[in-house]
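Here's the structure, in structure tokens; my notes come after.
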Amino acid sequence: MFLKPLDSITAEDVSRLVDIGAAETVSREFKSIVPWGTQGPRKDLVTHISAIANAGGGDILFGIEENNGVAVEAVGIDVPNLDELQRGIEQSVRDGTDPSLTGLRFRAIEGFEKGPVLILRVPRTWTGPHMLTLDKDSRFYIRDTGSKHIMNTHELRMAFNRADEPAALARRYREERLTAIRNNDGA
């Protein structure tokens, strides 16, 4: 989403998204509130997070009002205990996905009417795809432009193949190096 590290994002960067009318994408989602506190919204949030992870990672910005997927106002969120919220989200995502999705990062950007805009950075993982396992749900979700959906067979096949890429690359590198050494071409 941003072309800078999470720790470098400023209130001006967030406001710029509204100024230019930035749209939601495969890797960027806007939420005016943090859906948290009851079972339904918790499941919905974990579904959104796993869908972004399965699509390659990205950011959810809480405290950004949107209209038809376009950012219209950065108002921030009113959360009494931000640390507790972040820990709760991390635990629900870790416990509600299989394999467990870890590595979430948060950044609270101050300077907005109702409080900070909270950015949740969902990493691209090599352990996916991640299945939602909350409330007896056992489906894989993926994010596309502006929404999420249950993965179809082709999307699942592609996701499992992507998960095997690092191991295949390591095996190929090893084989190439061993061949080079046997041929006395090792440098």
Side-chain angles (χ1 to χ4, degrees), residues 1-11 13-14 16-17 22-31 33-36 41-64 66 69 71 77 79 82-109 116-134 137-152 154-171 173:
M1 183 196 88
F2 293 105
L3 296 177
K4 52 169 65 174
L6 185 62
D7 294 338
S8 301
I9 298 171
T10 66
D13 296 322
V14 172
R16 194 172 308 114
L17 290 173
E24 292 183 324
T25 66
V26 170
S27 61
R28 177 178 51 223
E29 183 170 359
F30 303 124
K31 296 227 175 263
I33 61 167
V34 180
W36 196 255
R42 182 179 134 216
K43 178 181 175 183
D44 186 53
L45 181 57
V46 175
T47 302
H48 282 276
I49 293 168
S50 67
I52 286 179
N54 289 338
D59 296 326
I60 301 176
L61 288 88
F62 300 100
I64 305 284
E66 54 89 17
I77 55 172
V79 176
L82 203 53
D83 289 335
E84 185 178 301
L85 172 69
Q86 291 172 4
R87 283 192 306 274
I89 291 171
E90 285 179 317
Q91 181 174 348
S92 290
V93 170
R94 190 174 41 251
D95 296 346
T97 55
D98 183 29
S100 292
L101 175 57
T102 59
L104 301 178
R105 294 190 53 222
F106 296 88
R107 172 135 169 96
I109 310 290
V117 165
L118 180 63
I119 301 173
L120 167 55
R121 181 149 292 166
V122 180
R124 176 179 185 182
T125 70
W126 299 106
T127 59
H130 301 277
M131 179 174 60
L132 179 72
T133 60
L134 286 175
D137 199 341
S138 55
R139 293 182 273 194
F140 294 88
Y141 292 85
I142 192 165
R143 182 160 173 82
D144 54 29
T145 305
S147 65
K148 67 179 177 354
H149 65 269
I150 297 170
M151 295 173 83
N152 62 36
H154 175 73
E155 291 166 327
L156 276 168
R157 185 175 294 120
M158 297 298 292
F160 279 108
N161 286 340
R162 269 194 314 272
D164 290 338
E165 285 176 10
L169 290 172
R171 279 191 303 274
Y173 174 78

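Atoms CD and OG, on Glu29 and Ser147 in that order, are 9.0 Å from each other to the nearest 0.5 Å. Between the CZ atom of Arg139 and the CG atom of Leu156 there is a distance of 12.5 Å, given to the nearest 0.5 Å. Here the straight-line distance linking atom CG of Asp59 with atom CD1 of Ile119 works out to 6.5 Å at 0.5 Å rounding. Atom CD of residue Glu90 and atom CZ of residue Arg87 lie 9.0 Å apart, to the nearest 0.5 angstrom. With rounding to the nearest 0.5 Å, the separation of CD in Gln86 from CG in Leu104 is 10.0 Å. In this structure, the separation between CG on Asp144 and CD on Glu155 is 8.0 Å, given to the nearest 0.5 Å.
Nearest approach of Ser92 to Arg42, heavy atoms of both residues: OG-NE, 3.0 Å. Annotation for Thr97 and Ser50: closest pair CG2-CB, 4.1 Å, computed over non-hydrogen atoms. Nearest heavy-atom pair, Ala159 versus Met151, reported as atom, atom and distance to 0.1 Å: CB-CE, 3.7 Å. Ala71 approaches Ile64 most closely through the heavy-atom pair CB-CG2, 3.8 Å. The two atoms that bring Asn152 and His154 nearest to each other are OD1-N, 3.1 Å, heavy atoms only. Contact record, Phe30 with Glu24: N-OE2, 2.9 Å, taken as the closest heavy-atom pair.
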Before giving the answer on side-chain contact (heavy atoms from CB on, under 4.5 Å), spell out for Asp44 and Lys148 the whole-Å C-alpha distance, their side-chain angles and the decisive distance to 0.1 Å. CA-CA 11 Å; Asp44 186 53; Lys148 67 179 177 354; 3.8 Å; yes
Derivation and outcome, side-chain contact (heavy atoms from CB on, under 4.5 Å), residues Ile52 and Leu120: CA-CA 11 Å; Ile52 286 179; Leu120 167 55; over 6 Å; no
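Applying the salt bridge (charged side-chain N to carboxylate O under 4.0 Å, His left out) test to Asp7 and every residue at least two apart in sequence or in another chain returns Arg105. Scanning for side chain to side chain contact (heavy atoms under 4.5 Å, CB included) contacts around Thr25 gives Ser27, Arg28, with sequence neighbours left out.
A side-chain donor-acceptor contact under 3.5 Å links Thr133 to the backbone of Gly96.
Residues Leu61 and Leu17 have side chains in contact (heavy-atom distance under 4.5 Å, counting atoms from C-beta outward). Put simply, the side chain of Phe106 does not reach to within 4.5 Å of the side chain of Leu82, judged on heavy atoms. No side-chain heavy atom of Phe62 sits under 4.5 Å from any side-chain heavy atom of Leu85. Thr125 places a side-chain heavy atom less than 4.5 Å from the side chain of Pro123. Taking 4.5 Å as the limit, some side-chain heavy atom of Arg121 sits within range of a side-chain heavy atom of Ile9. For the pair His48/Val122, no side-chain contact is recorded, criterion being any heavy-atom separation below 4.5 Å from C-beta on. By the 4.5 Å heavy-atom criterion applied to side chains, Arg107 and Leu118 are not counted as neighbours.
Asp13 and Thr10 share a side-chain donor-acceptor pair at under 3.5 Å.
Sequence neighbours left out, not one pair with a member in residues 94-103 passes salt bridge (charged side-chain N to carboxylate O under 4.0 Å, His left out).
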